[in-house]
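One-based numbering, in listed order, for ligands and for the atoms of each.
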Amino acid sequence: MAFRRPAPYVLPMPLEETRRRMITLAAAAIAAPALGRRAFAAGEGEADVAVIGAGAAGIAAARALTDAGKRVIVLEARSRAGGRAHTDRSLGIGFDAGAAFVHFAERNPWVEWAERHGIELLPWKGWMHFRPYSGGRALGEGYMQRRRRARESFWSVLESAERRGRDASLAELALSLGEDGTVAVRDMALLSIGENPERVSGLDYAALWDGSDRIVPLGYGTLVQRAAEGLPIRFDCPVSAVHVAPTHVEIATPAGVLRAADVIVTVPLGVLAADAIRFTPGLPLETVRAIEGLSMGALTKVALRFDGERFDIVPGDDFVVIDFASGGPMTFEMWPFDRDIVIGTTGGDTGRALGAAGGTEAVYAALDAFAGVVGARARDHFVGGRLADWWHDPLSHGSYSVVRPGHLSARAALAKPVAGRIRFAGEATAGGAAMTVGGAALEGLKAAHAILAGTH
Ligand SMILES: Cc1cc2nc3c(=O)[nH]c(=O)nc-3n(C[C@H](O)[C@H](O)[C@H](O)COP(=O)(O)OP(=O)(O)OC[C@H]3O[C@@H](n4cnc5c(N)ncnc54)[C@H](O)[C@@H]3O)c2cc1C
């Protein structure tokens, strides 16, 4: 019988708070748009550039524009900056509920930003001792070797698909590699893209940038949030509509209507796809098709805090449970930065199911899987857990964007300016840098520089 510790041991879930908050905000906006929300003061309702969303893209854009002397206002639905880069401290130990790895460090603007502001970054040494388990049983070196060989063969399959320009799904491309290849590619897709391989474009995946990774002891989310300090951000301010008038744009918020010459829209692709913001006149067909050609993955994390017991596992000695929840895998990152915390990660439909189960169930499912590896005493040393469920978060609707097979041009099409005044920017438009905090910032900067250069 599965062990269940009483619910109070599990702390409240941060993203569920967001969900509740959105419902309250929506109800307030419908009942009395100006009540309880400070309306724009005189002069505050006008800007040269409005930026919607205070994640990595919005922050980078707003910084570049304010540095250039533009009047900017950032409209953010949450009461914090950082978006999907968020360091959660509710377990008493910080962990990155969203982005954690500073990818392609050689060209990632956050590396320079961290150096300039004295924020420590460490090289990431990779998964050093990744030990696989199934049904609580350690799988041998032979298993690992087969999986490694299958993954290596997959790179050749991808290269040949690139040469032929055929945009099949990752799942279809893996078929030629037999069962080992199919399972290796499925796990890679679930754990690194957060989506089932049949929904991921092979050619978009092949185009993703390579490079070395860094990790941030302070938290990647905190690093990004620091960059937002001092910017003109209006929090708790969800945008519901953008109207393009002949000389400006009008942006509807609970604080009133904001007028700006240009707008940079950095909300996640999932928010655009859910039609959470109404555009008038309607978006051009090319933009609508671009949004339809993309979808959101569901990388999902569960953090488990322990009381100092390490179960004879050293940091870097990470493992993966192959058959977590209906066969999907879950990785366990052990004691990051030597802290008493374990980060479970899964994705795709397994991540969605975990989120749908709710915080308490998800935490105990992860604890059960962990106990299957280290033994039942994991439960005696468990202090509390936290689910980071981005799929059910209405301000993200998923972890990061994925190109559907056959829609390779979607990211570039979404990046095209609309009506000379609207620019979409964020990880979804970032081409080879998509799905990352670095890519989002580069896209924010690109949009800002285009406005400064007056290119429409
Ligand atoms: C679990 C997980 C793990 C990840 N791991 C990594 C990693 O290791 N490395 C990496 O580089 N990337 C990683 N990512 C991806 C990375 O977090 C994102 O690519 C990046 O943060 C996106 O930045 P953005 O500015 O495009 O969007 P966001 O950060 O989502 O910012 C958009 C903002 O818009 C706001 N918003 C939404 N709707 C509205 C509205 N109607 N009105 C106003 N504001 C609104 C949101 O609240 C949000 O703050 C991960 C993501 C997740 C979820």
Top protein contact for atom 39 (C) of ligand 1, by heavy-atom distance: Val267 CG1, 3.5 Å
Aromatic plane relationship, Trp155 with Tyr205 - under 30° parallel, 30 to 60° tilted, over 60° perpendicular: parallel
Contacts of Pro405 that satisfy side-chain contact (heavy atoms from CB on, under 4.5 Å) - sequence neighbours left out: Ser169
Part of Ala388 with heavy atoms under 4.0 Å of ligand 1, whether side chain, backbone, both or neither: neither
Parallel, tilted or perpendicular: ring planes of Trp110 versus Trp113, cut at 30 and 60 degrees: perpendicular
Protein residue, atom and distance nearest to atom 15 (C) of ligand 1, heavy-atom basis: Met435 O, 3.3 Å
Proximal atoms of ligand 1 relative to His103 (non-hydrogen, under 4.0 Å): 7 (C), 8 (O), 9 (N), 10 (C), 11 (O)
Ala100 heavy atom under 4.0 Å from ligand 1: yes
Electrostatic pair Glu443:Lys446 at N-O distance under 4.0 angstrom: yes
Got a list of side-chain donor-acceptor pairs under 3.5 Å for residues 51-67, not counting sequence neighbours?
unit_1: Arg63; atom_1: NE; unit_2: Ala227; atom_2: O; d: 2.9
unit_1: Arg63; atom_1: NH2; unit_2: Ala227; atom_2: O; d: 3.0
unit_1: Arg63; atom_1: NH2; unit_2: Glu229; atom_2: O; d: 2.7
unit_1: Thr66; atom_1: OG1; unit_2: Ala62; atom_2: O; d: 2.8
unit_1: Thr66; atom_1: OG1; unit_2: Arg63; atom_2: O; d: 3.1

Parallel, tilted or perpendicular: rings of Trp335 and Phe306 (30°, 60°): perpendicular
Ligand 1 contacted by Gly398 (non-hydrogen, < 4.0 Å): no
Residue pair Ser212, Glu106: steps toward the side-chain hydrogen bond (donor to acceptor under 3.5 Å, both in side chains) verdict: CA-CA 7 Å; Ser212 59; Glu106 295 74 12; 2.5 Å; yes
Top protein contact for atom 17 (O) of ligand 1, by heavy-atom distance: Arg84 O, 3.3 Å
Part of Glu443 within contact of ligand 1 (heavy atoms, under 4.0 Å): neither
Val437 contact mode with ligand 1 (heavy-atom cut-off under 4.0 Å): both
Under-4.0 Å heavy-atom contact with ligand 1, by part of Asp96 that carries it: neither
Ligand-residue contact atoms, ligand 1 with Ala56, heavy atoms, under 4.0 Å: 25 (O)
